[in-house]
There are 2 protein chains.
Amino acid sequence: MGRIEYKQYDRFLLAVDCIIFGFDGTGLKALLIKRGLEPEIGKWSLMGGFAKKEESVDDAAARILLNLTGLDKIYMEQLHCFGDVGRDPGGRVVSITYFALIKIDESDGHKLESHNAKWFDLRKLPSLVFDHKQMVKLAKERLQQKVSNHPIGFELLPNKFTLQQLQALYEAIFETSFDKRNFTRKILSLGILQRLEEKEKESSKKGAFYYVFDKKKYKQLESEGIKLI
Amino acid sequence: MGRIEYKQYDRFLLAVDCIIFGFDGTGLKALLIKRGLEPEIGKWSLMGGFAKKEESVDDAAARILLNLTGLDKIYMEQLHCFGDVGRDPGGRVVSITYFALIKIDESDGHKLESHNAKWFDLRKLPSLVFDHKQMVKLAKERLQQKVSNHPIGFELLPNKFTLQQLQALYEAIFETSFDKRNFTRKILSLGILQRLEEKEKESSKKGAFYYVFDKKKYKQLESEGIKLI
DNA sequence: CCAAAAGTGTTATCATTACACCCATGC
DNA sequence: GCATGGGTGTAATGATAACACTTTTGG
């Protein structure tokens, strides 16, 4: 076997760090934990862990995410490999980052508590360990870029949502505001939303229709790509 | 030091593989080498190597690229981390891929020969080792996406070029054809091209003006992003 | 009856596409 | 003088952006 050929080369620790986004109706949020090991124990950090030899890096990311949130089959995408020499003072660790989109209310509160996890508004992040701030920044840019071309924003919303919630989400992601009429028209013209009879009546007297999205058309657009913003 | 904390975790070999794009006036090309070590020795492969402990992953990529092409300060961007368990039969190797854009005529012919490197048209690739075909595919998609929003295509052209060469490049990247008038208008409207007095007279009797690009405006657009295609 | 959010159309501007002829030159 | 690629403009269409009033209903 050729296995012997590789003996001479350096070996690295491989961390997987996850930027987990959520949306609570007001701002775009990231899920952070209190780091549980040295160095920098007790500081705020992205959820992460070390990859294991017998699993793929993608599987490691899924495992870490499941471990923290109790969620399986969530939207996740590899972001970037951070490989500077001194990035982790605890050792020569190369980190592969993933970003994930989850519905805040579906995550497992007990699991979150047991990791001392907390949602932070992206505009008010605490200071983070190592190069994690840079990771979050890159993830946010990538999210904006991705959302412009793919209808993945829905991954952050409850299954049924109002147009105003959807617009608030997009406004939070892009940190801007959109004209309600233009936004509604464009979104509806994609043909992936289905209006329910049911109305959300908490935030207004008139009530706003709930929408769900049509999974078939959604899948199609997700692969084809769209011009959304 | 916390270094001790990490002792228990698995360590990985880290490969860096480079998808090197070039353009020769006809088709988009990728630079491949004959693999020089087992397993799969003698098969076509991306240029790669193992990262070293005392260098960053980015530096490793730059080193590998310099080693093959003799070129420094070329356009390079991290692409993706390939981390499946069985991707390299020779061992548990995680590969970080980079894609690079070079001007074919500036690379060092002797270095290329000593690695048995050869340019292949992307539409006629030979079979490749491991998951390298997938890497090239992803790189091409990323290149298309990037070129749509950033004027990096110039990295593939000689310093001075004609509008027809530029159009041919874009047509090769997107595997389509554009209307000459519309293409010219859009490109010139970006304001990053400067026309020289000199003409290229080989491919026509009338001769076509050479253009160079304005580095200042280019840098500005590169960071801002543009709508190009 | 009124406050508060929901819902809905039109116009102007801009960007994109489609399309065809004259120009300059070397042979 | 003719064959070859170089260079240029306009009109139609579609997309985006700007803008304000009426509807509903709980209190």
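FYI, side chains are in, hydrogens and waters are out, and symmetry mates aren't considered; it's all heavy atoms of this structure. All values reported here derive from a predicted model rather than from experimental measurement.
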Problem set entry | For atom CD of Glu202(B) and atom P of dG26(C), their distance in whole Å |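 In whole Å, dG26(C) P lies 14 Å from Glu202(B) CD.
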Exercise. Taking DNA chain C as the partner, which of residues 205-213 of chain B come within under 4.0 angstrom of it by heavy atom?
Worked result: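 Here the set is Lys205(B), Lys206(B).
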Problem set entry | Contact list for DNA chain C against residues 178-200 of chain A - heavy-atom distance below 4.0 Å |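 Here the set is Lys180(A), Arg181(A), Arg185(A).
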For this session: Mind checking Ser203(B) for me? I need base, sugar-phosphate or nothing, with any heavy atom below 4.0 Å counting as a touch.
Result: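 Since only primed, P, OP1 and OP2 atoms lie under 4.0 Å of Ser203(B), the category is sugar-phosphate.
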Problem set entry | Backbone of Thr162(A) reached by a side-chain donor or acceptor of Gln165(A) within 3.5 Å |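 Between the backbone of Thr162(A) and the side chain of Gln165(A) there is a qualifying donor-acceptor contact (under 3.5 Å).
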Exercise. Would you say the side-chain atoms of Asp131(B) pair up with the backbone N or O of Gln134(B), donor to acceptor, closer than 3.5 Å?
Worked result: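 Side chain of Asp131(B) to backbone of Gln134(B): no pair is present.
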Please check if any side-chain donor atom of [X] sits under 3.5 Å from a side-chain acceptor atom of [Y], or the reverse.
X	Y	result
Asp58(B)	Ser56(B)	no
Glu141(A)	Gln145(A)	no
Asp17(B)	Ser95(B)	yes

For this session: Examine Tyr211(B) together with Phe161(B) and report whether their ring centres are nearer than 6.0 Å.
Result: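 Here the rings of Phe161(B) and Tyr211(B) have centres that are no less than 6.0 Å from each other.
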For this session: For this output row, return yes or no: ring centroids of Phe130(A) and Phe82(A) closer than 6.0 angstrom.
Result: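 No, the ring centres sit 6.0 Å or more apart.
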Problem set entry | Interatomic spacing from CZ in Phe209(B) to CG in Leu193(B) - rounded to 0.5 Å |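 It is 14.0 Å, given to the nearest 0.5 Å.
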